Amino acid sequence: MTGEPLLRMRAITKSFLGVRVLHGVDLDLRAGEVHALVGENGAGKSTLMKVLAGVHRPDGGTIELDGEQVAFEHPVRAQRAGVATVFQEFNLLPERTVAENVFLGREPLRRGLVDGRAMERATAALLADLGLEGIAPWQKVRSLSVAEQQIVEIVKALSQDARVISMDEPTAALADHEVEVLYRIIGRLRERGVAVLYVSHRLKEIFDLAATITVLKDGDLVGTWPAQELGPAELVRQMVGRPVSAVFPEPLEPRGEHVGRVRLSVAGGGNSQVDGIGFEVRGGEILGLGGLQGSGRTEVAHALFGIARFTRGEVRVDGRVVNPRSPRQAVRAGLVLVTEDRKSQGLALHQSVLANGRLVLDAVFPFGSGPRARRLPGVLSSLELVARGGHGQEVQYLSGGNQQKVVLAKWLAAEPGVMVMDEPTRGIDVGAKQAVYRLMRELAADGVAIVLITSELPELIGMADRLVVLDDGRIAGELPGDADEEAVMALATGSAPREEAAS
Amino acid sequence: MTAPASPTPSAPPPAPEADARRRPRLGALSSLPRGGTATVALILLLIFVVIATQNPSFFEGPPLMGFGKKAAPLVILAVGQYLVIVSGEFDLSVGSLVGAQVVIAARLIDGDEAMTWPVLALMAGFGLVVGLVNGLVTTLLRVPSIITTLGTMLVLFGAVRFWTGGAPTGALSEAFRVPGRNGIENVPVLYQIPWALLIAVAVVVAGVLLMRSPYGRTLMATGDNDTAAAFSGVRVWSVRTLAFVASSLLATLAAVLIGGYAGVTAQVGQGLEFTAITAVVLGGVVLGGGRGTVLAAALGALTVEALFTLFNQLYLPSTIQPAAQGLIIIAAVAYASRRGELRLPGRPRRRPDHPTEHTLGSSRR
Amino acid sequence: MTPLRTTVRSLGSRLGTTGLVYAALVVLLAVSSAFLAARGATLFTTANTVDLFTRSSLLGFLAIGQTLVILCRSLDLSVGHVAALSALVAATTMDGDPSRIVLGAAAALGVAALIGLANGLIVTGLRVNPFIATLGTALVVQGYLDTTFQGPAGSVPAAFQTFGYTRIGPLPVSTLVMLGLAVAAVVFLHRTRMGYHMYAVGGDAEVARLSGVRAGVPVVTAHVLCSITAGVAGLLLAARFGTGNPQVYANGYELEAIAAVVLGGTYLLGGRGGVAGTIAGVFVLATLDTVFNVLAVDPFVKDVLRGAVLIAAVAVYARGQHSRTAARVRFPSTGPPAPPPSPPSAPKTAPLGGRR
Amino acid sequence: TTDTPDDDAAEGAGLTPDEEWFDQEEFDTQLAQRDITPEGDPEQPWLQAIEPEWTDTSEFAIDDPGDATVCFSNASVSNPWRVTGFITMEQQVEALQDEGRIGEFRVSDAADDDNQQISDIQAFVDAGDCDAIIISPSTTATLTPAVETACESGVPVIVFDRGVNTDCMVTFIHPIGGYAYGADAAEFLVDELEPGSTVLALRILPGVDVLEHRWAAAQTIFDDSELEVLGFEFTGGDGAQIKDLVSQHLQRGSVDGIWMDAGDGAVAGLEAFEDAGQPYPVIAGEDELSFMRKWDEEDITAIAPVYSNFQWRTPVLAASMILAGEEVPSEWVLPQEPIREEELQDYLERNADMPSLHYAKFGGEDLPGFPEAWTDR
Ligand SMILES: Nc1ncnc2c1ncn2[C@@H]1O[C@H](COP(=O)(O)OP(=O)(O)OP(=O)(O)O)[C@@H](O)[C@H]1O
Ligand SMILES: Nc1ncnc2c1ncn2[C@@H]1O[C@H](COP(=O)(O)OP(=O)(O)OP(=O)(O)O)[C@@H](O)[C@H]1O
Ligand SMILES: O[C@@H]1[C@@H](O)[C@H](O)OC[C@H]1O
Ligand SMILES: [Mg+2]
Ligand SMILES: [Mg+2]
């Protein structure tokens with residue numbers, strides 16, 4: 001795996017609005033090798049990737065491909081040169097078919113007209129090549145699951161005969177078992193001699209996949225190491241700039257014991273997506289809700305929060321029957337939901353930090369919320385929010401982790417008794433993650449009941465006092481907080497005998 | 001309509017590089033006193049300067065007050081339209097509504113002073129109903145507001161004419177005409193301070209305060225991202241419906257002033273919806289929602305009226321006026337979007353594609 | 001779920017949006033002719049049929065172009081003005097001389113195309129919201145028309161008037177041309193790269209751009225084509241009037257065209273829909289007008305009905321669309337409770353998408 | 001906004017009528033027609049005719065006119081003048097139906113859309129069951145082909161109000177015309193105002209022939225006068241617009257006379273003088289009641305030129321005559337006389353119960369539905 005690099009980036013510099021985002025970053029990619037790019041939120045990973053993809057033009061520095069200097073003025077130039085990218089943002093057209101998405105911008109022609117059949121045939125072949133017969137080329141992307149959409153993006157990159165593929169957090173929305181499929185695909189790419197640039201916040205993936213690791217911090221190159229020479233602890237130290245001791249804060253002792261009164265209880269809850277949902281959460285407790293992508297965890301959260309409510313069963317908050325029909329009722333009852341999708345469900349991006357933070361108070365408690373609103377700046381600073389423009393800054397300019405903090409502050413302002421958190425650490429860096437974990441513990445200590453939904457098993461197991469695992473819309477079983485990953489997966493995939501587990 | 005969340009739905013987002021050159025610092029964006037307001041204030045000032053060179057006596061009190069009296073209804077309409085636009089919708093029905101209200105007033109009052117107050121109450125009720133229909137059809141039945149209000153525009157236009165047999169009948173009372181026509185008399189220098197002007201100022205002040213209230217912030221957030229708003233406990237349907245109701249009530253107020261100003265004619269109100277939208281957009285308020293200020297919208301209305309006055313002072317042939325008007329709006333909006341006031345792609349592009357997103361948002365998206 | 005709703009839904013999924021609009025059109029035709037029959041009138045007399053087709057050809061031209069623009073997530077409020085202008089250009093260029101027909105038509109379409117180009121460039125290049133951009137160009141055209149022409153001007157040779165008056169059986173030539181144009185537009189959208197790219201840009205301009213589509217190009221093209229179809233509408237007006245009349249811009253054609261497009265199932269925010277649906281939308285509006293005419297409905301009541309029908313139709317349509325996007329039902333609420341799933345035979349970690 | 005002469009042009013320029021709208025011969029004819037005594041009963045001006053050339057219509061006679069279907073393609077009822085006229089027409093129809101002189105009366109309304117009206121006319125022709133077609137064209141030039149098509153179908157065609165560029169119809173009914181109207185108004189201002197006085201012209205919109213002729217005539221007359229025409233404004237007939245424009249002119253200088261091409265909105269114009277605390281101008285409005293009442297109340301120096309609204313009776317009467325095979329004038333020029341100071345009281349009394357946007361010379365007093373049909377519309 002040595003020899004001349006296929007792609008060589010040298011001294012790449014890039015500023016936005018006068019702010020340096022990359023300062024003289026070097027990066028080499030070799031054929032058949034996975035190169036991981038890591039760093040905190042806002043370190044400049046995506047920006048570097050976009051420079052490579054031709055989305056941004058660097059202010060300085062050079063890119064060489066096969067020893068020849070190149071300048072990608074447009075993404076298409078990069079693609080033509082064999083540099084394909086799977087961007088961090090969703091990059092498909094939901095209303096178009098898989099084939100149309102894969103060939104977008106390069107539709108094959110026959111006698112001047114687009115040859116739809118050829119397009120579908122070629123797509124089918126690509127899918128088959130990766131062993132993904134489950135996706136049909138004529139399906140609308142809208143009808144695919146998130147994981148499938150992710151696969152389509154990768155297929156699209158592959159279809160360009162790319163020699164270099166960069167992937168920006170391709171697994172952010174994937175559950176562990178789906179990540180396996182991605183591993184397989186990356187394995188094939190490696191066999192084919194493709195150079196892969198891989199960005200992820202999941203350390204496990206990085207050590208599973210990468211041969212080389214480059215760390216960025218605040219736009220500066222920290223260093224590049226062979227993966228074997230760098231243990232996880234050392235990697236984190238390089239990223240954060242300080243050693244990080246324990247990732248997960250200590251649970252309240254004694255672990256798993258019910259520390260307070262029952263704050264949330266669900267019995268026989270069900271709707272068109274889930275059925276027979278029943279569990280209790282006590283104040284001070286963190287209940288983990290496990291399951292595969294699509295197992296219905298978000299649906300349960302949404303039902304509790306009154307978005308797609310339970311059509312049967314009963315939800316009690318602090319002993320009162322609530323059965324919320326809208327988020328508003330849920331919030332009034334003291335139950336809040338930190339949604340999994342920050343940008344589309346959590347934030348009004350053009351509004352200020354403060355306006356977003358006040359939104360729940362404004363919407364649900366418009367009168368007499370003054371005292372609570374006045375506490376908001378305190379809440380924000382206790383979350384260590386970093387907003388260069390202060391609290392008047394529009395949240396669109398914050399990094400992902402800081403945006404998530406605004407979302408949390410918004411809900412904390414409502415002083416909830418029960419917090420449901422759906423993927424609260426998705427896409428945020430180690431440091432921010434730790435802040436969120438600490439916050440959860442503190443809330444629990446204050447008597448808040450927490451339901452945590454996460455697709456990262458270590459997080460689930462590390463944080464939860466108790467686990468409920470869903471499978472296909474039903475509860476597959478309950479586990480103590482110190483259960484191991486195999487036990488959770490066994491329930492989630494339905495490979496454990498149901499009766500036994502449920503008892 | 002297309003109420004694209006992004007300024008130019010189809011255009012690629014501005015290359016950040018371009019912005020980098022133009023804008024010194026990121027922080028500048030938030031610290032600038034709301035770019036839209038500054039721009040429109042500048043344009044207004046410019047027009048006033050040109051008017052002054054043409055007709056120095058324009059600023060001598062009475063002419064200026066006359067300008068205020070004439071502009072007041074549009075300012076009020078613009079504030080109403082602003083509330084709807086900032087919530088992410090459109091109200092095309094206000095022109096028809098103004099016409100309908102004046103005609104209703106004339107027919108029901110029929111010159112009888114005693115009927116003034118009852119009819120004013122009835123008009124308010126009617127405005128309320130129109131606003132409710134616009135709002136509820138848009139939010140609950142999920143009809144795009146451009147279609148909803150286009151529909152109510154047709155319905156109001158036809159219904160009122162059908163009711164009065166095609167041309168307005170009756171007459172307004174003297175009392176009805178006071179707010180639109182009279183003012184505080186014998187004021188030194190100014191000679192008369194029109195009620196209309198005072199009412200418009202009050203409406204703008206109320207609008208500014210409203211936007212600083214919880215409702216205002218909620219409305220703004222709804223226009224910015226209605227899904228996130230709904231997930232935060234905002235009753236999107238009621239917030240938006242209230243904006244439509246406010247727009248219709250303000251259109252009713254504008255009708256009282258317009259009817260008061262000039263009496264009943266068959267054409268009253270025609271085309272005002274586009275003028276109002278133009279005013280709001282000139283104020284830098286972004287179609288699609290979530291951005292812009294009341295003050296800017298009001299200044300936009302003054303700018304439009306000042307423009308009309310200027311054309312007049314310049315003896316521009318009246319047939320050319322629309323052309324000049326068209327070029328100026330395009331230029332103003334292009335300038336604003338150049339400066340980056342309207343930048344950044346709006347359509348949220350996220351990975352997880354959750355169906356639940358659709359169940360909560362209201363009309364579009 | 002009621003049986004009716006089930007049927008409608010399954011019909012909907014089998015027919016697709018466009019199919020639904022056509023189904024609605026058929027229902028409307030059936031209901032109208034029954035209604036008229038009950039009042040002793042006939043819908044499908046030659047006169048009424050011709051009337052219906054004639055109404056639809058003008059609106060059809062305008063709505064076909066508007067569809068392209070809306071698919072690109074833009075909008076064109078200037079089509080009425082462009083039609084007025086191109087009618088005048090055609091009539092004044094031809095000036096009654098049959099040998100100048102081609103020249104006149106070309107000039108009219110050329111001018112129209114230029115305005116479309118301006119619209120497109122203002123929207124993409126200057127990044128002006130299309131609502132404002134096209135309202136602006138409409139005003140500019142209006143200023144030009146009112147300043148230059150004091151009323152109808154020019155004259156169209158008799159040979160050219162056949163475009164407005166000739167018909168084959170009950171089918172006016174203009175309708176055939178309109179339908180031909182519609183077919184061409186359908187092929188264009190579904191079989192050319194530009195068509196694909198229009199859907200892409202309307203669906204998400206940034207995605208399109210990152211995929212190598214120069215996002216401005218389809219938008220500008222759509223605006224140019226839209227203006228050209230508006231120009232064709234102008235030619236039809238000139239053929240029917242025998243001259244050009246600037247005042248036709250006041251007829252509100254642009255809003256009617258947008259209504260037809262939306263009725264036809266094209267999403268106002270772009271990326272979804274098509275010309276076939278639009279044509280159904282056009283015929284729905286034309287049918288309503290014809291029925292109102294046969295019933296001699298008061299012109300003001302006509303406006304009321306038009307407004308109400310528009311809202312109602314789009315509301316019904318929005319409902320249908322809403323239910324289509326709803327999530328797959330895992331646990332139907334009525335009927336026997338779903339049996340607990342049997343333990344799956346194969347582990348689910350296997351192929352992605354295997355569960356769908 | 002005002003169209004005034006170029007800065008360097010001499011005063012009085014801009015008063016050359018647009019040749020497109022000025023036909024000297026027609027101008028002279030109309031001015032002369034004002035002084036010709038029309039044939040027929042002065043009590044029934046809608047049946048009078050100025051210098052008629054009678055045409056034979058026996059080919060159209062049918063056995064039982066009581067069964068005849070008369071079809072009417074209306075341009076629109078989009079302004080008060082047309083609304084008043086259309087009510088009068090409907091009342092006339094009822095009267096004729098009662099007398100058994102016509103049968104069914106079918107109306108289509110094009111809402112000012114030329115293309116729509118062409119379709120409407122075509123639909124009448126295609127339906128084949130109209131025994132006479134009455135057309136009130138929305139635009140002269142554009143409706144010509146459609147009117148010709150109607151003529152070719154063999155059914156008698158009657159055109160009224162605005163004209164068309166063909167003489168295929170059996171009769172074309174109209175009052176004297178726009179030149180006469182504009183001249184009546186302009187001559188009045190010239191007579192009443194001192195030389196050197198200023199006059200402002202308020203027009204509704206460009207491009208409509210009857211309105212353009214009014215202005216062309218006024219331009220010609222003002223051009224020969226010593227009055228200073230400040231310019232003209234298009235107002236769209238909107239009161240707020242009129243009041244604003246007049247107010248702005250008053251801010252800049254005095255306005256002694258107002259010439260209008262239609263009286264709709266004249267009151268708003270007058271109010272601008274009130275609000276500015278200036279004396280009323282000499283004004284030419286129209287026989288619209290709101291204006292006439294204001295004229296009376298404030299004792300203004302004014303004239304109400306008339307574009308005879310009673311012409312709306314004539315087409316249906318003509319249809320019944322044609323279906324009976326009676327002669328009709330091929331061009332039926334109806335009298336058109338302005339209302340002057342001395343007749344003001346008379347017309348106000350006759351129309352005392354009528355709404356303000358009603359036209360004094362509507363001529364329907366003898367119809368059975370009078371007055372309810374006009375008062376409670
Ligand atoms: N188009 C842009 N305009 C202005 N600032 C930008 C732009 N894109 C990125 N930035 C800023 O540049 C910095 C680096 O962002 P980048 O997206 O590269 O970080 P990242 O390492 O990918 O972070 P994450 O892990 O959160 O994805 C951040 O401070 C970000 O706010
Ligand atoms: N069996 C299925 N077939 C197809 N789509 C499904 C299925 N189950 C769920 N989905 C869809 O997959 C997405 C994720 O489902 P859901 O929210 O229930 O899962 P989750 O366990 O919360 O996953 P996440 O990790 O995304 O939070 C949703 O869009 C849902 O509609
Ligand atoms: O319809 C016209 C009307 O608008 C005007 O007032 O007088 C002339 C008529 O033709
Ligand atoms: Mg990133
Ligand atoms: Mg989820």
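Below, chain A is the first sequence line, B the second, and so on; all start at residue 1. Just so you know, these numbers come straight off a predicted model, no measurement behind them. When reading the values below, keep in mind they use all heavy atoms of this one structure, side chains included, and skip hydrogens, waters and symmetry mates.
Listed options B:Ser213, B:Gly290, B:Gly216 were ranked by heavy-atom pairs under 4.5 angstrom with chain A; first place goes to B:Gly290. Chosen from A:Leu361, A:Val360, A:Val336, the residue pairing most often with chain B at heavy-atom distances under 4.5 Å is A:Val360.
The line from CE of B:Met220 to CD of A:Gln351 is 5.5 Å long, rounded to the nearest 0.5 Å. To the nearest 0.5 Å, atoms CG (A:Leu354) and CZ (B:Arg217) are separated by 8.0 Å.
The side chain to side chain contact (heavy atoms under 4.5 Å, CB included) test with B:Phe231 is passed by exactly one of A:Asp341, A:Ile307, A:Val338: A:Ile307. Screening A:Leu359, A:Leu337, A:Val407, A:Val364 for a side chain to side chain contact (heavy atoms under 4.5 Å, CB included) with B:Ser232, the sole residue that qualifies is A:Leu359.
Of all heavy-atom pairs between A:Ala348 and B:Ala228, the closest is N-CB, 4.4 Å. Between A:Pro327 and B:Ala230, the shortest heavy-atom contact is CG-O, 3.3 Å.
Only the side chain of A:Arg358 comes within contact range of chain B, judged by heavy atoms closer than 4.5 Å. Proximity to chain B is absent for every atom of A:Ser326, based on heavy atoms less than 4.5 angstrom apart. Neither the backbone nor the side chain of A:Phe365 comes within contact range of chain B; no heavy atom of the residue lies under 4.5 Å from a heavy atom of that chain.
For the pair B:Asn225 (side chain) and A:Lys343 (backbone), a donor-acceptor distance under 3.5 Å is present. A side-chain donor-acceptor contact under 3.5 Å links B:Asp224 to the backbone of A:His350.
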